[in-house]
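For reference, the structure discussed in these notes is given below.
Fair warning: this is a prediction, and the values are worked out from it, not measured in the lab.
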Amino acid sequence: MKISAVLTLLLLASGQTLAASDAEIIYASLYGGDSAPRSPTVAHASYGTDEDRRASPEWTKAMQKAWGKTRNLSELPVIQKEVVKEVREVIENPIVNGVRRDAPADIEAIIKKYADKYGISELLVRSLIQVESRFNPKAESPVGAKGLMQLMPVHTVKQGIDPYDPDQNVKTGIAYLSRLLAKYNDLELALAAYNAGEGNVDKYGGIPPFKETQLYVKKVMALLAGG
């Protein structure tokens, strides 16, 4: 299916409203997939009385899933723009079930280069980057972590590393992860240290009792298990 055709389906047709698809359905309709519908679902809506203008249960459920709240039909033009924007973002950054299926070729090449150099699984690096930045080289956290592997200033400033440069970021991040793996000889502890710092892992003798760190480790491990 051509992208233009998908976007056309997302626009308001005469007498129709869109049952908004989430990123998985849109991606599957563009690139294929056995578990998702072949094309977005379109639900009919009545334009009679005000009573008839209520959204269908299917439409309401789709809106709640995509935006976390029920959207009034009067907001349809705004919703259309949001959905079209979402589709474009999915096309540019395709993610299914939280896993990016086709990281940009240049980033994939960088991952392979340094994963081979440091003897680390490419899947591990991709999973970590997915959780850290979702493959956004310009990502920046509220605490100052930057780039693909969310490097803190302690790892970049004195070393003269540009955290927004994918090659420098991934090289530094993988080198750091490699050191943590060697130190702890335990993947979960290494991931915990990458997220919360070695001091906290050493202090607690294991994964720190921080909700964020515990969730972080679980997310990376889940991506690894999903392969």
Side-chain angles (χ1 to χ4, degrees), residues 22-24 68 89 93-227:
D22 62 14
E24 296 178 32
E89 290 177 348
N93 302 287
I95 298 173
V96 176
N97 291 331
V99 181
R100 180 161 186 152
R101 287 189 172 179
D102 64 338
D106 57 339
I107 295 178
E108 285 284 10
I110 293 171
I111 291 174
K112 177 174 176 53
K113 177 171 65 173
Y114 292 115
D116 288 347
K117 177 178 179 179
Y118 290 96
I120 291 181
S121 162
E122 292 178 42
L123 178 58
L124 171 57
V125 178
R126 282 196 298 271
S127 299
L128 187 146
I129 292 176
Q130 170 63 35
V131 175
E132 288 285 1
S133 67
R134 295 191 177 184
F135 290 90
N136 178 8
K138 302 299 182 183
E140 183 170 349
S141 77
V143 296
K146 300 175 181 178
L148 289 168
M149 297 187 72
Q150 289 291 275
L151 302 179
M152 293 296 288
V154 67
H155 299 297
T156 61
V157 176
K158 291 184 178 180
Q159 295 83 346
I161 292 169
D162 178 3
Y164 298 118
D165 177 85
D167 190 280
Q168 294 183 46
N169 185 289
V170 172
K171 178 182 179 181
T172 304
I174 290 181
Y176 179 46
L177 180 60
S178 175
R179 185 173 69 76
L180 293 175
L181 287 167
K183 175 180 178 178
Y184 294 105
N185 195 33
D186 183 284
L187 177 55
E188 292 190 354
L189 291 183
L191 291 172
Y194 193 96
N195 176 262
E198 297 172 66
N200 282 313
V201 172
D202 296 341
K203 174 182 178 181
Y204 292 100
I207 299 176
F210 309 144
K211 183 177 180 180
E212 176 185 333
T213 300
Q214 293 176 351
L215 182 59
Y216 173 87
V217 173
K218 288 180 180 179
K219 284 182 177 180
V220 177
M221 296 301 292
L223 291 177
L224 282 171

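- Distance check: Leu128 CG to Leu177 CG gives 6.0 Å after rounding to the nearest 0.5 Å.
- No donor-acceptor pair closer than 3.5 Å links the side chain of Gln168 to the backbone N or O of Ile161.
- Using a 4.5 Å cut-off on side-chain heavy atoms (C-beta onward), Tyr194 and Gln150 make no contact.
- Within a 6.0 Å radius of CD in Glu212, no more than 12 heavy atoms belonging to other residues, nucleotides or ligands are found.
- In this structure, the separation between CG on Leu148 and CD1 on Ile111 is 7.5 Å, given to the nearest 0.5 Å.
- Residues Tyr216 and Phe210 fail the side-chain proximity criterion, which asks for heavy atoms closer than 4.5 Å.
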Which pairs would a plain distance check flag for residues 219-226, meaning a side-chain donor or acceptor within less than 3.5 Å of a matching protein atom at least two apart in sequence or in another chain?
none

Identify each donor-acceptor pair in which a side-chain atom of residues 180-193 lies under 3.5 Å from a protein atom, sequence neighbours left out, and give them as a table.
residue : atom : partner : partner atom : Å
Lys183  : NZ   : Glu198  : OE1          : 2.9
Lys183  : NZ   : Asp202  : OD2          : 3.1
Tyr184  : OH   : Glu198  : O            : 3.4
Tyr184  : OH   : Asp202  : OD1          : 3.0
Asp186  : OD1  : Glu188  : N            : 3.0
Asp186  : OD1  : Leu189  : N            : 2.9

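- Using a 4.5 Å heavy-atom cutoff, the side chains of Met149 and Tyr176 are not in contact.
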Practice prompt. Step by step, work out the side chain to side chain contact (heavy atoms under 4.5 Å, CB included) result for Val131 and Ser127.
Written response: CA-CA 6 Å; Val131 175; Ser127 299; 5.8 Å; no
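- More than 12 heavy-atom neighbours from other residues, nucleotides or ligands sit within 6.0 angstrom of NZ on Lys113.
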Worksheet item: Could you walk me through whether Asp167 and Tyr114 pass the side chain to side chain contact (heavy atoms under 4.5 Å, CB included) check?
Response: CA-CA 9 Å; Asp167 190 280; Tyr114 292 115; 2.7 Å; yes
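- Summarising the geometry of Ile107 relative to Pro137, their closest heavy-atom pair is CD1-CG, 4.3 Å, with the distance given to 0.1 Å.
- Rounding to the nearest 0.5 angstrom, the gap separating the CG atom in Asn195 from the CD atom in Glu132 is 6.5 Å.
- The two residues Glu122 and Ala115 come nearest to each other via the heavy atoms CG-CB, 3.8 Å.
- Once rounded to the nearest 0.5 Å, the distance linking OH of Tyr164 with CD of Glu140 reads 3.5 Å.
- For the pair Thr213 and Ala196, the tightest heavy-atom approach, listed with the atom from each and the gap, is OG1-CB, 3.4 Å.
- In this structure, CD1 on Ile129 lies 7.5 Å from CG on Asn169, to the nearest 0.5 angstrom.
- Scanning all heavy atoms of the two residues, the minimum distance from Pro208 to Gln214 falls at O-NE2, 3.4 Å.
- Not counting sequence neighbours, the partners of Val143 by the side chain to side chain contact (heavy atoms under 4.5 Å, CB included) test are Ser141, Met152.
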